[in-house]
Protein chains: 2
Amino acid sequence: MSEGPAPAYGTGGQKVRAALAAYIAQKGLKGTRQRDLIVEAFFAARRHVTVEELLERVRQQDPRVGAATVYRTMKLLVESGLASARQFGEGQARYEMAGDRHHDHLICTRCGTIVEFENDRIEAMQEVVARRHGFSVTHHKMELYGLCRNCQRHGDRKV
Amino acid sequence: MSEGPAPAYGTGGQKVRAALAAYIAQKGLKGTRQRDLIVEAFFAARRHVTVEELLERVRQQDPRVGAATVYRTMKLLVESGLASARQFGEGQARYEMAGDRHHDHLICTRCGTIVEFENDRIEAMQEVVARRHGFSVTHHKMELYGLCRNCQRHGDRKV
DNA sequence: TTGAAATTGAATATGATTATCAATTGATAT
DNA sequence: ATATCAATTGATAATCATATTCAATTTCAA
């Protein structure tokens, strides 16, 4: 398992895998080979993946894994708080590793690159605006769509 | 920081209806009774409606109107630039009249009230954040979810 | 009034996700 | 190890919102 450069979320998902095992035990569930494969593939992807993409990766290891199992496993990861589902207007969910910090997203409309960011001043101003309208905000969604640096340059070439 | 009430749409949608007629003529399409009913109901609603809600309203005028026609008409309104579709995480689209000004949304998670707002300072900061990550933003989505003034007070009572 | 072209409504298709269910597998007690 | 029993799997069917198909109807221009 190539560990790659230091990811933002702990290394290789060791910690995460332990947390999942704990959740599974605590819930009286069982560990399975498929589940391990899927979780492995998910954390190895290191990006926002769809179930379809994940299934493809998993099937490179074991072609017999069914789509339903991937859906079920991702649901489990979300329930256990280790992943979260996002909608970027594509009609299908993308999953990301659940970090401790809240963040929003920059999405390149050409190549699909997704960058996470956080900005406290924007968050603070959202609070102000909400209060001004009598709202108390519990959560929010902010997505900025446009072209990433690379696609601004090579906008003419194919993706 | 210009922030104000949502754009005042012409009363009765006179202007809008004319614009739609123009679009229809220019595209070589035809006007129909159902279409008029649906557009009428949409602009009379004066709020973010789903196709389902709209169909119900339309059927009070003519029970024989089909759902497909509502879908088709809303698509037409969106194409013509007179309405826009929004996703507030409910799994079905809500349509709003297309004003001239860009705006974002405050959504009450209890009663479903949707308030439009605009805030130039937030928009400006979004630009800054994007540029910092090498992105050029073309559009964005910002939704603040929480409780509206009324629901904060009467959170115990039924909606 | 006519006739081609657009529209309608019902039914069917679609695409993502969830639920069903018989067969299989994993954890545990023996 | 083995038996046991609940959890899991994979295929398939079911959902749900929306799109599409198609025969019947309606619109509009000539």
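A note on names: the letters A, B, ... follow the listed sequences, proteins ahead of strands, and every chain is numbered from 1. Hydrogens, waters and symmetry mates are skipped; everything else that's a heavy atom, side chains included, is used. On a predicted model such as this, the values are computed, not experimentally measured, just so you know.
- Looking at heavy atoms from C-beta onward, B/I122 lies in side-chain contact with B/M142 at the 4.5 angstrom threshold.
- Between the CG atom of A/L29 and the CG atom of A/L76 there is a distance of 6.5 Å, given to the nearest 0.5 Å.
- Going from atom CD of B/E52 over to atom P of D/dT18 covers 9 Å, rounded to whole Å.
- Comparing D/dA19, C/dT7, C/dT17 against the side chain of B/Y71 picks out D/dA19 as the nearest.
- Between the CE atom of B/M74 and the C1' atom of D/dA19 there is a distance of 16 Å, rounded to whole Å.
- When the options B/I38, B/T50, B/L37 are evaluated for a side chain to side chain contact (heavy atoms under 4.5 Å, CB included) with B/V70, the one that passes is B/I38.
- Put simply, the side chain of A/T73 gets close to the backbone of A/T69: a donor and an acceptor are under 3.5 Å apart.
- Only at 4.0 angstrom or more do the heavy atoms of residues 55-67 of chain A sit from any atom of DNA chain C, so none qualifies.
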>> B/H102 vs B/H140, test: side-chain hydrogen bond (donor to acceptor under 3.5 Å, both in side chains). Steps then yes/no.
In response: CA-CA 10 Å; B/H102 162 79; B/H140 71 259; 3.1 Å; yes
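- Remark: aromatic rings of B/F88 and B/H105 are close, center separation under 6.0 Å.
- Take the nearest nucleotide of DNA chain C for B/T73 and for A/V51: the residue whose nucleotide is more 5' is B/T73.
- Residues A/F135 and B/C108 are in side-chain contact: their nearest non-hydrogen atoms beyond the backbone lie under 4.5 Å apart.
- Rounded to whole Å, atom P of D/dA7 lies 16 Å from atom NZ of A/K75.
- Atom CD in A/E53 sits about 11 Å away from atom P in C/dT17, given to the nearest Å.
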> Quick one: what's the B/S/- string for nucleotides 24-30 of chain C, heavy-atom cutoff under 4.0 Å, read 5' to 3'?
Replying inline: --BS---
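- Spacing between atom CD of A/E79 and atom C1' of C/dT18 amounts to 13 Å, rounded to whole angstrom units.
- Comparing atom distances between the A/A68 side chain and each of C/dA19, D/dT18, D/dT20 picks out C/dA19 as nearest.
- Rounded to whole Å, the distance from CD on A/Q92 to P on C/dT17 is 6 Å.
- Atom C1' of nucleotide D/dT18 and atom CG of B/L76 are separated by 16 Å, given to the nearest angstrom.
- With 3.5 Å as the limit, one finds a donor-acceptor pair spanning the side chains of B/H103 and B/E96.
- The existence of a salt bridge linking B/E53 and B/R94 is confirmed by a sub-4.0 Å separation between a basic side-chain nitrogen and an acidic carboxylate oxygen.
- Rounded to whole Å, atom C1' of D/dT25 lies 14 Å from atom CZ of B/R35.
- Between B/G28 and A/G91, the one whose closest nucleotide on DNA chain C sits nearer the 5' end is B/G28.
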